[in-house]
Amino acid sequence: MTLEEKAGQVSQQFMFGKVDDFVPVVRDQKVGSLLFVTDPAIINRLQKVAVEESRLKIPLIFGYDVIHGFRTIFPVPLANAASWDPEGVENAQAVAAAEARAVGIHWAFSPMLDVARDPRWGRIVEGPGEDPFLASALARAQVKGFQGPAIGTPGRIIAGPKHFAGYAAADGGRDYDGVQLSDAQLYNVILPPFAAAVQAGAGNVMSAYMDLNDVPAVGNHWLLTDVLRGQMGFKGWVVSDANGTKNQVVQHFARDEADAAVRSIAAGNDMEMSFGPAASAATLAASVRAGALPEATLDQAVRRILIAKFRMGLFEHPYVDEAQAARTLADPAHRDAAQRAAERSFVLLKNDGALPLRAGQHRHVAVIGASANSKRDMLGPWAFQYDLPETVTVFEGVRDRLGSAATVETAPGVQLKRNVPSMFESITIPGQAKPEPRWDAARAAREYDAAIALAKRSDLVILTLGEAEDMSGEGASRADLTLPGDQMKLFDAVMALGKPVVVVTMSGRPLALGPVLERAPAVLHTWFGGTRGGTAIARTLFGDVNPGGKLPVTWPRSVGQVPIFYAHNSTHMPKDQGKRYWDIPSTPQFEFGYGLSYTRFRIDAPTFDTPALRPGGRIVVSTRVTNTGDRPGDEVVQLYIHQQAGRASRPVRELKGFQRVTLRPGETRTVSFTIDESQVQYWSAAERGWVVDPGRFDVWVGSSSNAQGHGQFSVEGPARAGRGFLTGGAG
């Protein structure tokens with residue numbers, strides 16, 4: 001290969017514009033990968049140019065943001081995390097992989113594994129929540145769902161965990177801002193989900209945009225080479241985030257694009273994702289000739305990319321079956337899977353007996369709210385290839401569920417609009433819903449009056465509150481967590497009518513819902529439910545499904561509390577932990593792991609098969625969980641531990657096991673968890689490495705991070721070194 005051809009292999013470009021413009025670029029092998037093309041006919045055309053008309057006949061590898069589905073849209077990732085169901089999440093990503101692979105996509109820029117503890121950050125919606133143990137379990141599940149048993153499995157694609165690393169800890173929750181993290185935070189909180197993904201076999205990793213401790217992640221040799229490859233053992237290839245390599249210039253790290261390209265690839269970033277017309281990697285040939293970059297370093301990056309193409313079978317089978325693609329995308333089983341995923345993700349925040357509703361009890365039902373009949377809002381952010389007509393809204397789901405048993409009508413009442421437009425409004429994709437123009441004052445008054453009039457003539461109001469889909473995601477950070485727009489005005493007016501009301505909230509982050517929670521008899525949080533979200537919501541409201549989701553994030557009372565998370569350290573005044581503010585309690589509105597049910601559960605105190613964890617050994621912790629109510633339901637049994645003393649102060653509680661179980665009324669089941677050194681080791685700032693401390697540990701089992709069932713065990717033996725990145729399972 002010439003130096004220019006090698007530079008082409010490490011270049012990836014967005015395919016925005018005319019297809020004909022990219023043909024000569026592909027023919028001359030100036031790119032090794034394209035993204036944002038999903039038409040199988042176009043993919044085949046460009047692949048034909050690469051493998052039949054170029055000098056080296058090297059196929060392209062196509063990537064795409066397969067975040068929570070492709071044609072079939074599943075609940076947003078934070079909602080999937082709320083299911084506490086790794087097996088279900090694996091199945092969802094397998095469906096997404098099948099649809100994406102059918103059209104010719106080979107690799108997903110997913111899963112996003114950024115542990116996020118600040119709900120102001122817009123991209124919290126894309127991730128696994130606040131806890132590294134839950135995030136690690138979901139990381140393994142998603143890699144397996146995307147890739148199957150091995151890279152190259154038919155109908156599967158390469159997983160690309162992102163953003164390595166620390167992206168979610170941006171100052172103030174402001175997307176793209178710099179990040180300052182201690183090594184202890186990095187090793188104990190941020191990095192474990194990535195280690196889990198690597199251990200599960202992830203073929204790709206995406207580096208992050210931002211400065212990490214004053215060094216852009218894309219050009220950070222310690223992060224990409226010492227940690228990712230050296231300590232975690234990653235063998236695949238690393239791609240930058242969009243324009244991440246070029247951005248080193250505006251971040252005042254690199255002198256110019258040529259310097260940025262050299263710094264990126266020398267640090268361990270193998271491929272540059274870039275907006276056109278050319279990646280900064282195009283300068284690499286000249287840099288090698290000038291002695292600014294060893295050719296062996298460039299060769300290593302090219303080799304990793306070629307290996308991925310070989311493993312995916314692209315040299316033998318570069319083309320996609322266009323007829324089969326259409327059949328795969330139309331598979332109704334995929335929509336059924338999306339509905340099940342949504343049903344398992346909902347979290348019942350409050351219920352004073354108003355739920356479940358009974359069909360036939362109310363003859364005239366109003367479904368009111370900005371998102372009540374909005375198909376696009378149901379899908380959530382990071383969805384592009386959806387089929388809008390088949391998407392089911394809350395109104396449609398309730399109408400279809402009740403049939404002739406009631407008259408069901410809808411009205412938005414208010415409109416939700418960002419003060420600063422979304423960055424995605426400028427991206428035009430065939431079939432994508434166009435944003436509705438902002439209402440003028442006259443229309444706003446008419447729509448509000450119409451909604452109140454509808455509520456007055458109805459026997460039941462199902463009120464949807466929350467965010468529009470573009471209020472979460474990239475470039476969607478918020479300084480305020482209260483309900484946007486005039487939603488509180490609408491809520492107050494509806495509640496003043498004295499009608500039966502239940503509230504359905506939809507958002508990609510926790511919201512400050514204090515006034516709603518004080519007055520509404522029931523609040524069901526449904527995130528953004530995807531293609532069949534409306535059907536799933538209706539089935540849950542009417543008791544066909546018993547909600548069993550649990551919060552994967554701590555839910556604040558006010559934005560002034562954030563960042564807020566359960567796994568904080570104790571202080572010298574732990575009894576006053578809930579009194580840190582004089583104006584409101586410093587406790588959360590809802591704790592991590594919280595979620596109600598239409599039935600009741602009892603979880604017994606833990607028992608241990610042995611009282612001590614010895615070097616190389618394990619302890620089995622068991623508990624009995626009983627459904628003491630009169631409905632079948634799901635409970636997520638959670639296990640937390642705390643180290644009482646050691647070489648560092650450790651969090652007051654840390655999740656180290658969970659299982660979601662389904663129980664009939666009166667049924668009892670024994671749930672067991674295994675604790676070994678992977679659960680008790682931690683990275684010590686004092687020792688500059690992984691350690692295991694002997695001593696006493698508390699254990700709690702229960703239904704949230706406030707679990708009450710308590711026991712203790714001891715870790716025996718001398719103080720010793722830990723074994724590095726070990727990520728235990730969910731059980």
How long is the gap from [atom1] on [X] to [atom2] on [Y], to the nearest 0.5 Å?
X: Phe164; Y: Ser240; atom1: CZ; atom2: OG; result: 15.0 Å
X: Thr610; Y: Ile619; atom1: OG1; atom2: CD1; result: 6.0 Å
X: Lys656; Y: Gln679; atom1: NZ; atom2: CD; result: 6.5 Å
X: Ser264; Y: Asn220; atom1: OG; atom2: CG; result: 11.0 Å
X: Ser136; Y: Gln199; atom1: OG; atom2: CD; result: 8.5 Å
X: Tyr64; Y: Phe70; atom1: OH; atom2: CZ; result: 6.0 Å

**Request:** Over 60° means perpendicular and under 30° means parallel, so classify the ring planes of Phe713 and Phe608, tilted if in between.
**Result:**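 Rings of Phe608 and Phe713: tilted, as their planes differ by 30° to 60°.
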
**Request:** Using the side-chain contact (heavy atoms from CB on, under 4.5 Å) rule, take Glu635 and Leu663 through it: C-alpha gap first, then chi angles, then the decisive distance, then the call.
**Result:** CA-CA 8 Å; Glu635 179 61 288; Leu663 298 174; 5.6 Å; no

If you define the side chain from C-beta out and look only at heavy atoms, does anything of [X] sit under 4.5 Å from [Y]?
X: Leu134; Y: Leu655; answer: yes
X: Val652; Y: Asn569; answer: no
X: Trp555; Y: Pro119; answer: no
X: Trp690; Y: Asn188; answer: yes
X: Arg653; Y: Glu591; answer: no
X: Val218; Y: Asp241; answer: no
X: Ile124; Y: Val553; answer: yes
X: Trp237; Y: Ile158; answer: yes

So, does [X] use its side chain to make a donor-acceptor pair with the main chain of [Y] at under 3.5 Å?
X: Arg580; Y: Gln561; value: no
X: Ser684; Y: Val691; value: no
X: Arg600; Y: Thr628; value: yes
X: Ser83; Y: Asn80; value: yes
X: His642; Y: Pro651; value: yes
X: Asn204; Y: Ala159; value: no
X: Asp676; Y: Arg618; value: no
X: Asn213; Y: Leu181; value: yes
X: Asp118; Y: Pro563; value: no
X: Arg660; Y: Val637; value: no

Can we say [X] and [Y] salt-bridge, meaning some charged N sits less than 4.0 Å from an Asp/Glu carboxylate O?
X: Arg340; Y: Glu343; value: no
X: Arg602; Y: Asp604; value: yes
X: Asp183; Y: Arg688; value: yes
X: Asp634; Y: Arg344; value: yes
X: Asp270; Y: Arg229; value: yes
X: Glu667; Y: Arg669; value: yes

Closest non-hydrogen atom pair, [X] against [Y]:
X: Leu78; Y: Gly508; value: CD2-O, 3.6 Å
X: Ala197; Y: Pro161; value: CB-CG, 3.7 Å
X: His163; Y: Asp114; value: ND1-OD2, 2.8 Å
X: Gln638; Y: Ser703; value: NE2-O, 2.9 Å
X: Gly633; Y: Asn627; value: N-ND2, 3.9 Å
X: Ala217; Y: Ala165; value: CB-N, 4.5 Å

**Request:** Starting from the C-alpha separation in whole Å, work towards a yes-or-no answer on side-chain contact (heavy atoms from CB on, under 4.5 Å) for Gln147 and Thr153.
**Result:** CA-CA 7 Å; Gln147 296 186 173; Thr153 298; over 6 Å; no

**Item:** From CA spacing to verdict: salt bridge (charged side-chain N to carboxylate O under 4.0 Å, His left out), Asp299, Arg304
**Value:** CA-CA 9 Å; Asp299 288 348; Arg304 290 168 179 157; over 6 Å; no

A cation-pi test, strictly: NZ or CZ of [X] under 6.0 Å from the centre of the six-membered ring of [Y] and no more than 45 degrees from its axis. Yes or no?
X: Lys550; Y: Trp527; value: no
X: Arg117; Y: Phe565; value: yes
X: Arg156; Y: Phe146; value: no

**Request:** Step through the shown structure and confirm whether more than 12 heavy atoms of other residues, nucleotides or ligands are within 6.0 Å of CZ on Arg723.
**Result:**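 For Arg723, atom CZ is not crowded (no more than 12 foreign heavy atoms under 6.0 Å).
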
**Prompt:** Of Pro193, Pro128, Pro111, which meets side-chain contact (heavy atoms from CB on, under 4.5 Å) against Gln142?
**Reply:**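 Of the listed options, the one satisfying the test is Pro111.
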
Is it true that the side chains of [X] and [Y] contain a donor and an acceptor less than 3.5 Å apart?
X: Asn269; Y: Ser207; value: yes
X: Gln231; Y: Asp226; value: no
X: Gln300; Y: Thr297; value: no
X: Glu130; Y: Thr554; value: yes
X: Asp693; Y: Tyr682; value: yes

**Stepwise side-chain contact (heavy atoms from CB on, under 4.5 Å) check, Tyr640 with Ser705** = CA-CA 7 Å; Tyr640 297 85; Ser705 56; 3.7 Å; yes

**Message:** Exactly one of Phe592, Trp700, Tyr594 should register a ring pair (Phe, Tyr, Trp, His ring centres under 6.0 Å) with Tyr566. Which one does?
**Reply:**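 In the set Phe592, Trp700, Tyr594, the residue that makes a ring pair (Phe, Tyr, Trp, His ring centres under 6.0 Å) with Tyr566 is Phe592.
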
**Message:** Could you walk me through whether Val699 and Gln712 satisfy the side-chain contact (heavy atoms from CB on, under 4.5 Å) test, starting with their C-alpha distance in whole Å, then the side-chain angles of each, then the deciding distance to 0.1 Å, before giving a yes or no?
**Reply:** CA-CA 6 Å; Val699 175; Gln712 291 186 343; over 6 Å; no

**Message:** Please tell me whether Tyr187 and Phe725 form a close aromatic pair, meaning their ring centres lie under 6.0 Å apart.
**Reply:**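 Close enough - the centres of the two rings lie under 6.0 Å apart.
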
